[in-house]
Amino acid sequence: MRIGISGAQSVGKTTILNALRSEKIFQDYQICNEVTRRVGSYGLPINEDGTDLTQRLIMQEHIVNTFMYDKFIADRSAWDGFVYSCYLWQHGKISYDTLHFSRDVFMKVQPTYDIQFYIEPEFDIVNDGVRSTNLKFRDEIIRLFEKSIVDYKMNAVILKGSVRERVEQVLIAIEEKNEQSRRIK
């Protein structure tokens with residue numbers, strides 16, 4: 001099963017991913033940590049300062065994840081990459097060609113996810129030295145996620161509540177998906 005966890009910065013994606021690692025059901029899953037941080041670790045600008053190169057590398061990482069692993073949980077998905085690319089294009093930071101590339105990757109890769117989770121912001125932004133603490137930026141990213149849910153008919157499971165409540169919501173959604181698959185067979 002391929003699972004994506006998406007949302008704006010500082011909503012708890014990494015926290016929920018880390019909590020899921022200890023669940024028995026995920027013992028043989030590949031954990032795909034957030035690719036944006038990896039790209040940032042190369043010394044490239046991320047967040048609201050992303051560039052054509054940054055966005056193309058991020059989207060490439062999403063392609064690799066989906067071709068490398070049949071069972072994975074990704075901290076961010078191609079959906080995130082596309083949403084952030086939309087923001088960067090609207091603000092003149094990336095070219096139309098890069099936006100188009102991001103959209104193509106999103107349209108081809110995203111359907112390969114079996115379950116997509118979306119975390120709405122419930123907490124203040126925590127400065128970890130990497131994520132952006134710009135509230136205006138986060139608000140625009142949230143708006144773009146919400147718009148994409150409608151525009152692309154995203155069938156995302158929305159996670160809310162404490163970490164434990166979110167873990168339970170993930171486990172229930174996976175069990176429902178597995179039950180659905182068993183009925184089809």
Grab the two heavy atoms, one from [X] and one from [Y], that are nearest each other, plus how far apart they are.
X: Thr66; Y: Arg2; answer: O-NH2, 2.7 Å
X: Pro121; Y: Arg138; answer: CB-NH2, 3.4 Å
X: Phe26; Y: Ile73; answer: CD2-CD1, 3.4 Å

Could you give the distance from [atom1] ([X]) to [atom2] ([Y]), rounded to the nearest 0.5 Å?
X: Ile31; Y: Ile3; atom1: CD1; atom2: CD1; result: 8.5 Å
X: Ile125; Y: Phe137; atom1: CD1; atom2: CZ; result: 9.0 Å
X: Ile158; Y: Phe117; atom1: CD1; atom2: CZ; result: 12.0 Å
X: Ile119; Y: Thr15; atom1: CD1; atom2: OG1; result: 8.0 Å
X: Tyr113; Y: Ser77; atom1: OH; atom2: OG; result: 5.0 Å
X: Asp128; Y: Thr14; atom1: CG; atom2: OG1; result: 8.5 Å

Is [X] linked to [Y] within one hydrophobic cluster, defined over Ile, Leu, Val, Met, Phe, Trp and Tyr using a side-chain heavy-atom separation of less than 4.5 Å?
X: Ile25; Y: Val170; value: yes
X: Val83; Y: Ile46; value: no
X: Leu44; Y: Leu88; value: no
X: Phe72; Y: Ile115; value: no
X: Leu17; Y: Val157; value: yes

Given Trp79 and Tyr152, is the ring-ring contact (aromatic ring centres under 6.0 Å, His included) satisfied, shown in steps? CA-CA 10 Å; Trp79 182 22; Tyr152 295 95; 9.5 Å; no
Show, in sequence, the C-alpha distance, side-chain angles and deciding distance for Tyr87 and Glu48, and conclude whether the side-chain contact (heavy atoms from CB on, under 4.5 Å) test is met. CA-CA 8 Å; Tyr87 171 89; Glu48 65 268 47; 3.8 Å; yes
If you count every heavy atom of other residues, nucleotides or ligands that lies below 6.0 Å from [X] atom [atom1], does the total exceed 12?
X: His100; atom1: NE2; value: no
X: Tyr42; atom1: OH; value: yes
X: Tyr96; atom1: OH; value: no
X: Lys71; atom1: NZ; value: yes

For the pair [X] (side chain) and [Y] (backbone), establish whether a donor and an acceptor sit closer than 3.5 Å, ignoring hydrogens and angles.
X: Asn134; Y: Lys136; result: yes
X: Asp80; Y: Gly7; result: yes
X: Asp52; Y: Ile94; result: no
X: Arg76; Y: His62; result: no
X: Lys13; Y: Ala8; result: yes
X: Gln116; Y: Gly4; result: yes

Please evaluate residues Asn178 and Met1 with respect to the criterion side-chain contact (heavy atoms from CB on, under 4.5 Å), reporting the C-alpha separation (whole Å), side-chain torsions for both, the decisive distance (0.1 Å), and the verdict. CA-CA 9 Å; Asn178 287 335; Met1 184 172 291; 3.2 Å; yes
Go through the steps to decide whether Glu61 and Arg38 satisfy the test side-chain contact (heavy atoms from CB on, under 4.5 Å), and finish with yes or no. CA-CA 10 Å; Glu61 289 285 330; Arg38 185 172 33 241; 3.0 Å; yes
What I want to find out is whether [X] reaches [Y] closely enough, with some N-O distance under 4.0 Å, to be called a salt bridge.
X: Glu140; Y: Lys147; answer: no
X: Lys160; Y: Glu165; answer: no
X: Glu146; Y: Arg143; answer: no

Per side-chain hydrogen bond (donor to acceptor under 3.5 Å, both in side chains), Thr98 is matched among Arg56, Arg103, Lys93 by Arg56
Using a distance-only test with no angle check, is there a side-chain donor-acceptor pair under 3.5 angstrom linking Tyr29 and Glu23? no
Step-by-step side-chain contact (heavy atoms from CB on, under 4.5 Å) determination, Leu144 to Gln90: CA-CA 11 Å; Leu144 288 167; Gln90 289 173 357; 3.7 Å; yes
Side chain to side chain donor-acceptor pair (under 3.5 Å) partners of Thr112, counting only residues at least two apart: none
